[in-house]
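Everything on this sheet refers to the single structure shown next.
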Amino acid sequence: MIDIKFLRENPDVVRASQKGRGENVELVDQILAIDEIKRAAINEFELLRQEQNVLSKSVGAAKGDEKTALLANAKELADKVKAADSKRGEIEEQAKQLVMQLSNLLDTEAPIGGEEDFVTIEHIGTPRDFTKDGFEPKDHVELGKLLGAIDTERGAKVAGSRSYYLTGAGAMLEFALVNYAIQSALKNGFTPVIPPVLVNPSAMEGTGFLGQAAENVYRIEKDDVYLVGTSEVPLAAMHMDEILPADKLPMRYAGYSSCFRREAGTYGKDTRGIIRVHQFDKVEMFSFCKPEEAKEEHKRLLQWEKDFLNAMEIPYRVIDVASGDLGSSATRKFDIEAWIPTQGAYREVTSTSNCTEYQARRLNIRYKDADGTKAIATLNGTLVAIPRMIVAILENHQNADGTVNVPAALQPFLGTAKLELV
RNA sequence: GGAGGACUCGCAUAGCGGCCGAGUGCACCGGUCUUGAAAACCGGCAGGUGAAAGCCUCGUGGGUUCAAAUCCCACGUCCUCCGCCA
């Protein structure tokens, strides 16, 4: 949610931001218009209410005829107050609906444009030359079968398309990745969290996933709860309606949870394998910090993501995501894309967003220091999304016979240096 | 799923339909005293909005009333008991 005061004073900044995202610019003027009406309605209600409060007190003190006369007056006034109150309520609701539709302000450094207009910040590592190694790389589906690690056929049989089983080495790989991720998060000052994945509408709404992303969210209608697509949701909402002490900031959480995504509108995309699935596990970093420290914190989250990729010994690039491809809560977003040999392309494996005060304002999360109570900033970043990391590891570290070398960092957790054929 | 009980300012509690946005204790912050500390004493101590007056908030939402923390209804959360079950 954008600060309405900021919008009143800087409508052009908000307009420019909406335009950069390719979103509704007129919304800004609609909001300004209704804001005027809203303030007038509040004023009218408050004046009437004040009058009523005064009159009510005098009724209590009066007796006899005087009281009867005052009561008649008071009754009339009560009707007016009620009318003014409901009018105010309606307009406030309308105004809120409109403000909630605004996306976060763009960071001025974020590249402008659509999905294709990202800026590549750096390349780390060099894609392996399989010609030099003398064999054709197998894709992760084939490797998964040879290793007894991934079973997409039975996944489809039991749960439909985009479903899979991780078995044997595949399951062990998940445990190793999660353990390594949590261990590094602990080192970096994160509190490990296993959050609820079933959340109520206010948590979902507050984190901004019921806007443009709503069609990708699973909803359990009968109980009015949602399945989260990322533990960002329960981690952000964890401190909903709270005031955090300034000296505890930044507060960092590493959430491990299953993530559920409908993947509506992606028919035909990544249908093979486990690149794009309905359910997967992920370790997510989440940080609450002071707004003036958010940019630095964002860089730190990105660095921890890079550290992870480096430890997995996978070539990747970092991109600065363009304005039109940001989520509604993000002011800026960096993705890390890992090299996938059989696709000859870099594919997104992690993503980190700076949501500044946008999410916190929706969730009513603030912090308090000597100067008062202020909106806090929130940031999130993927430490590891299991299936995509498994794809990257299998494909990049495969041998000609289908076995896969385990990156050194994972060996202690996996208890082996090589995944063998079954 | 069934039966009861509770929900007030960080915690614990008080609260008659008007004198309650709300008393008390603990915790916390500042001060006096002290070499320092404890104790004692003095002061402060929920949030939002507003330039201010004021307005709003006693789980949430409705209702009754001139007036609701207080009465009524619904929902939510927590606790106890019964049933079922990892």
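Below, chains carry the letters A, B, ... as their sequence lines are ordered, and counting in each starts from 1. Scope of the values below: all heavy atoms of this structure, side chains included, with no hydrogens, waters or symmetry mates.
For the side-chain contact (heavy atoms from CB on, under 4.5 Å) test, residues two or more places apart in sequence or in another chain that qualify with Ser329(A) are Cys355(A), Tyr358(A), Gln359(A). Residues passing the salt bridge (Lys or Arg N to Asp or Glu O under 4.0 Å) test with Asp117(A), sequence neighbours excluded: none.
You'll find the ring centres of Phe308(A) and Tyr180(A) inside the 6.0 Å limit. Taking the ring centroids of Tyr253(A) and His239(A), they lie under the 6.0 Å cut-off.
Taking a cutoff of 4.0 Å between a charged side-chain nitrogen and a carboxylate oxygen, Lys82(A) and Asp85(A) do not qualify as a salt bridge. Using a cutoff of 4.0 Å between basic side-chain nitrogens and carboxylate oxygens, Asp12(A) and Arg15(A) are scored as salt-bridged. Salt bridge status for Glu153(A) with Lys145(A): present, with a side-chain N to carboxylate O gap under 4.0 Å. A salt bridge links Asp35(A) with Arg39(A); the closest basic N to acidic carboxylate O contact falls under 4.0 Å.
Of all nucleotides present, only A40(B) satisfies the Watson-Crick or G-U wobble test against U32(B), with each distance under 3.5 Å. The nucleotide G18(B) finds its pairing partner in C66(B), both defining distances of the Watson-Crick or G-U wobble pair being shorter than 3.5 Å. Both distances falling under 3.5 Å, in either a Watson-Crick or a G-U wobble arrangement, place G54(B) opposite U49(B). Using the Watson-Crick or G-U wobble rule with both distances under 3.5 Å, U13(B) pairs with G23(B). Nucleotide U77(B): paired with A6(B) (Watson-Crick or G-U wobble, both distances less than 3.5 Å).
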Check nucleotides 71-74 of chain B for protein N or O atoms closer than 3.5 Å to its own N or O atoms and list the pairs.
none

Just the atom pairs and distances: protein N or O near nucleotides 63-65 of chain B's N or O, under 3.5 Å.
from: U64(B); atom 1: OP2; to: Lys82(A); atom 2: NZ; distance (Å): 3.4

Polar atom pairs between nucleotides 17-19 of chain B and protein, under 3.5 Å, N or O only, would you list them?
from: G18(B); atom 1: N2; to: Ser56(A); atom 2: O; distance (Å): 2.7

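Considering only side-chain N and O atoms, Gln52(A) lies under 4.0 angstrom from the phosphate OP1 or OP2 of A67(B). Look at Arg49(A) and you won't find any side-chain N or O under 4.0 angstrom from OP1 or OP2 of G54(B). Distances shown here put every side-chain N or O of Asn53(A) at or beyond 4.0 Å from the OP1 or OP2 atom of A67(B). Between G50(B) and Asn43(A), no contact under 4.0 Å exists linking OP1 or OP2 to a side-chain N or O. Between Lys5(A) and the phosphate of G50(B), there is a side-chain N or O to OP1/OP2 separation shorter than 4.0 Å.
Across all strands shown, Glu76(A) has no heavy atoms under 4.0 Å from either base or sugar-phosphate atoms. When heavy atoms are screened at a 4.0 angstrom cut-off, Arg366(A) is found touching the sugar-phosphate backbone but no base atom.
Nearer the 5' end of RNA chain B, as judged by each residue's closest nucleotide, is the contact made by Glu46(A), out of Glu46(A) and Ala78(A).
The salt bridge (Lys or Arg N to Asp or Glu O under 4.0 Å) contacts involving residues 229-254 of chain A comprise Arg252(A)-Glu297(A), where partners must be two or more places apart or lie in separate chains.
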Between Thr382(A) and Lys282(A), is a side-chain hydrogen bond (donor to acceptor under 3.5 Å, both in side chains) present by the stated rule, with each step listed? CA-CA 7 Å; Thr382(A) 319; Lys282(A) 178 161 69 76; 5.1 Å; no
Evaluate Gln303(A) against Asp307(A) for side-chain hydrogen bond (donor to acceptor under 3.5 Å, both in side chains), listing each step before the verdict. CA-CA 6 Å; Gln303(A) 185 56 51; Asp307(A) 291 346; 2.9 Å; yes
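Contact annotation: the side chain of Phe280(A) never approaches that of Arg388(A) to less than 4.5 Å [non-hydrogen atoms, C-beta and beyond].
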